[in-house]
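A single structure is presented below for examination.
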Number of protein chains: 2
Amino acid sequence: MRLVIARCSVAYRGKLAAHLPSAQRLILVKADGSISIHSDDRAYKPLNWMNPPCSITESTDDEGLPHWLVRGKGGDELEITIEELVSDTAHDLGVEPGLQKDGVEAHLQALLAERCEVIGAGFQLVRREYPTDIGPVDLLCRDTEGIAVAVEVKRRGEIDGVEQLTRYLGFLNKDPRLAPVRGVFVAEQIKPQAKVLAADRGISCVEVDYDELRGIESSELRLF
Amino acid sequence: MRLVIARCSVAYRGKLAAHLPSAQRLILVKADGSISIHSDDRAYKPLNWMNPPCSITESTDDEGLPHWLVRGKGGDELEITIEELVSDTAHDLGVEPGLQKDGVEAHLQALLAERCEVIGAGFQLVRREYPTDIGPVDLLCRDTEGIAVAVEVKRRGEIDGVEQLTRYLGFLNKDPRLAPVRGVFVAEQIKPQAKVLAADRGISCVEVDYDELRGIESSELRLF
DNA sequence: TAGTTTATTTCGCCC
DNA sequence: GGGCGAAGTAAACTA
């Protein structure tokens with residue numbers, strides 16, 4: 001990993017055109033071949049960058065200033081003119097063992113599969129990831145009257161999720177062994193516009209609390 | 001901007017839980033109060049981070065190792081245990097003049113709003129970002145016969161955009177002052193599948209050239 | 001390898 | 001400040 005602190009100007013020409021006037025910035029060159037240019041704000045997002053694979057050509061211009069030309073795929077170009085070099089260091093960091101994550105949508109779906117009465121009183125799970133021609137439905141349940149219920153689980157409920165569930169319902173209702181199938185949209189938070197669309201499509205909405213669900217799971221575990 | 005190279009372990013507890021085993025990494029502390037932890041790969045994305053505003057508390061643990069506790073909003077916590085400090089430097093970068101972008105959807109939409117006859121001969125703009133219960137339509141126009149036309153603008157025309165326009169048309173057609181409303185899908189490039197779906201929905205497709213549109217704008221400017 | 005879906009998405013705009 | 005759509009989205013997963 002190479003860290004360059006320098007006063008520089010940058011031009012990007014690729015999927016869009018962007019330009020950075022002269023200022024002091026951090027230029028970060030990683031071992032994976034990527035390059036990113038950071039200012040002292042915007043949190044972790046760089047101002048400009050190039051993803052690997054890309055080639056970096058360092059040269060010196062007419063006035064003796066370092067000049068980098070970075071070429072990425074698709075003809076993308078990043079042009080860096082260094083006007084004043086403050087610092088240029090490199091470190092060999094070695095291998096990255098990797099990040100462990102817990103608590104994403106997959107986990108929420110697993111919790112709901114085990115406690116599907118949270119979605120509706122008396123619901124019984126038929127199966128997780130119930131297959132259809134256009135992809136698997138998160139959960140397929142049956143309610144107290146034996147009616148099939150397709151459940152779409154999201155961490156954040158937005159309009160796309162309602163569309164997705166609508167498509168599944170269209171296909172599931174073609175199966176005479178299942179029809180009529182009703183839909184439930186489950187998420188930690190459901191946006192107002194998604195609720196409007198769901199109502200318009202006859203889909204019910206349920207908001208669940210992740211910590212509470214996990215709490216139920218924990219209490220259950222304590223019983224054994 | 002502070003740059004720390006160190007062997008460290010990291011734990012994040014917040015929107016999810018995540019853990020990083022011991023390895024050498026770059027810890028980037030920016031003037032905006034953000035912190036991010038980078039490995040030598042994954043391009044510009046850090047392994048862990050905390051967005052501003054957050055507070056960093058540096059202490060020393062039982063074994064004399066530096067220990068950082070970062071608290072963000074919503075009770076999020078980032079815990080960094082430094083096991084070996086390789087380098088710790090700081091630079092004052094000064095103000096960032098900012099990034100100029102050109103060629104994104106907003107610009108395309110603005111150009112089309114001014115020249116909506118490009119979408120259809122004789123089209124007149126009613127308004128940009130015309131509001132509906134499920135979100136704003138990019139452009140609402142009227143054609144030569146006074147029929148309302150909902151226009152969805154994308155940089156890349158894919159199936160999602162056709163779905164989006166279909167939803168808008170459904171809601172707009174409920175308004176007796178507008179109905180019947182027809183739809184036009186405009187993009188620099190429209191994928192074949194999106195064209196098929198649009199045709200199936202009675203939506204017309206128009207492909208426009210960004211440079212040409214900008215060219216028209218430039219020539220207009222030259223006249224004055 | 002290509003399409004699909006998620007993301008601690010982040011970011012910007014408008015209300 | 002909340003809601004919504006776009007992003008040079010990127011990254012992970014699956015068929």
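In this text, all values refer to a predicted model and were calculated from it rather than measured experimentally. Each chain gets a letter, A, B and so on, in the order its sequence line appears, and its residues count up from 1.
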Please determine, for the side chain of A/Pro192, which listed nucleotide (D/dA6, D/dG3, D/dA10) has the closest atom? D/dG3

Gap between atoms CD and P, on B/Gln164 and D/dG5 respectively (whole Å): 6 Å

Out of D/dG5, C/dT5, D/dA10, which nucleotide sits closest to the side chain of A/Tyr168? C/dT5

If you look at every strand shown and take non-hydrogen atoms under 4.0 Å, does A/Gln193 touch a base, only sugar-phosphate, or nothing?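 Result for A/Gln193 = sugar-phosphate.
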
Residue whose closest nucleotide on DNA chain D lies nearer the 5' end, B/Arg42 versus A/Glu158: A/Glu158

N/O (side chain, B/Asn51) to phosphate O (OP1/OP2, C/dT8) under 4.0 Å: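 So the side chain of B/Asn51 is outside the cut-off, no N or O lying under 4.0 Å from OP1 or OP2 of C/dT8.
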
Expressed as a whole number of angstroms, how long is the span from B/Asp160:CG to D/dT9:P?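 Atom-to-atom, B/Asp160 to D/dT9, this comes out as 14 Å.
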
So if I take every side-chain heavy atom of B/Leu16 and compare against C/dT8, D/dA12, D/dG5, which nucleotide ends up nearest?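 The answer is C/dT8, which lies nearest to the side chain.
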
Looking across every strand, which nucleic acid part, if any, lies under 4.0 Å from A/Tyr12 by heavy atom: base, sugar-phosphate, or nothing? base

Of the candidate nucleotides C/dT10, D/dG5, C/dT8, which contains the atom at the shortest distance from the side chain of B/Lys45?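 Looking only at heavy atoms from C-beta outward on B/Lys45, the closest nucleotide is C/dT8.
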
To the nearest Å, give me how far apart CG (B/Leu99) and C1' (C/dG12) are.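 Interatomic distance, CG of B/Leu99 to C1' of C/dG12: 13 Å.
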
In whole Å, I'd like the distance from the CD atom of A/Gln189 to the P atom of D/dG3. 7 Å

Check every strand shown and say whether B/Arg156 touches a base, only sugar-phosphate, or nothing at a heavy-atom separation below 4.0 Å. sugar-phosphate

Does atom CZ of A/Arg71 have more than 12 heavy-atom neighbours from other groups under 6.0 Å away? no

Residue closer to the 5' end of DNA chain C, A/Ala43 versus B/Lys191 (nearest nucleotide): B/Lys191

Of the candidate nucleotides C/dT8, D/dG3, D/dG8, which contains the atom at the shortest distance from the side chain of A/Lys15? D/dG8

Using 4.0 Å as the upper bound for N to carboxylate O, is an ion pair formed by B/Arg167 and A/Asp200? no

Examine distances only and state if a side-chain atom of A/Asp41 and a backbone atom of B/Asp32 form a donor-acceptor pair shorter than 3.5 Å.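 Looks like no, no N/O pair under 3.5 Å.
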
Using a heavy-atom cut-off of 4.0 Å across all strands, would you classify A/Met50 as base, sugar-phosphate, or nothing? base

Calculate the interatomic distance between B/Arg71 atom CZ and C/dT8 atom C1'; express it in whole Å.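 Spelled out: CZ on B/Arg71 to C1' on C/dT8 is 18 Å.
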
A/Leu47 and A/Arg25, any side-chain heavy atoms less than 4.5 Å apart: yes

Would you indicate what B/Arg127 reaches in the nucleic acid, counting non-hydrogen atoms under 4.0 angstrom: base, sugar-phosphate, or nothing? sugar-phosphate

Under 3.5 Å, is there a donor-acceptor pair between the side chain of A/Asp40 and the main chain of B/Lys30?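 Not confirmed, A/Asp40 side chain does not pair with B/Lys30 backbone.
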
Please state the P separation for the pair D/dG8 and C/dT4 - nearest whole angstrom.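 Looking at atom P only, D/dG8 and C/dT4 are 22 Å apart.
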
Distance, rounded to the nearest Å, where A/Ile159 contributes CD1 and C/dT6 contributes P: 16 Å

If I take atom NZ in residue B/Lys101 and atom C1' in nucleotide C/dG12, what distance separates them, rounded to the nearest angstrom?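 Interatomic distance, NZ of B/Lys101 to C1' of C/dG12: 9 Å.
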
Which listed nucleotide (D/dA7, C/dT5, D/dA11) is nearest to the side chain of B/Arg155?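 Shortest atom-to-atom distance from the side chain points to D/dA7.
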
Using heavy-atom distances to pick each residue's nearest nucleotide on DNA chain D, tell me which of B/Pro136 and A/Asp76 is more 5'. B/Pro136

Rounded off to whole Å, could you give me the CD-to-C1' distance for the A/Glu77 and D/dG8 pair? 14 Å

Counting only side-chain heavy atoms from C-beta out, which of D/dA11, D/dG5, D/dG8 sits nearest to A/Asn48?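 The listed nucleotide nearest to A/Asn48's side chain is D/dG8.
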
Interatomic distance, A/Glu158 atom CD to A/Lys191 atom NZ [nearest 0.5 angstrom]: 4.0 Å

Do the side chain of A/Tyr130 and the main chain of A/Pro136 share a donor and acceptor less than 3.5 angstrom apart?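 No: the side chain of A/Tyr130 does not pair with the backbone of A/Pro136.
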
Counting only side-chain nitrogens and oxygens, does B/Trp49 get under 4.0 Å of the OP1 or OP2 atom of C/dT10?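 Yes, because at least one side-chain N or O of B/Trp49 sits under 4.0 Å from OP1 or OP2 of C/dT10.
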
On DNA chain C, does the nearest nucleotide to A/Tyr44 precede the nearest nucleotide to A/Ala106 from the 5' side, or the other way round? Give the residue. A/Ala106

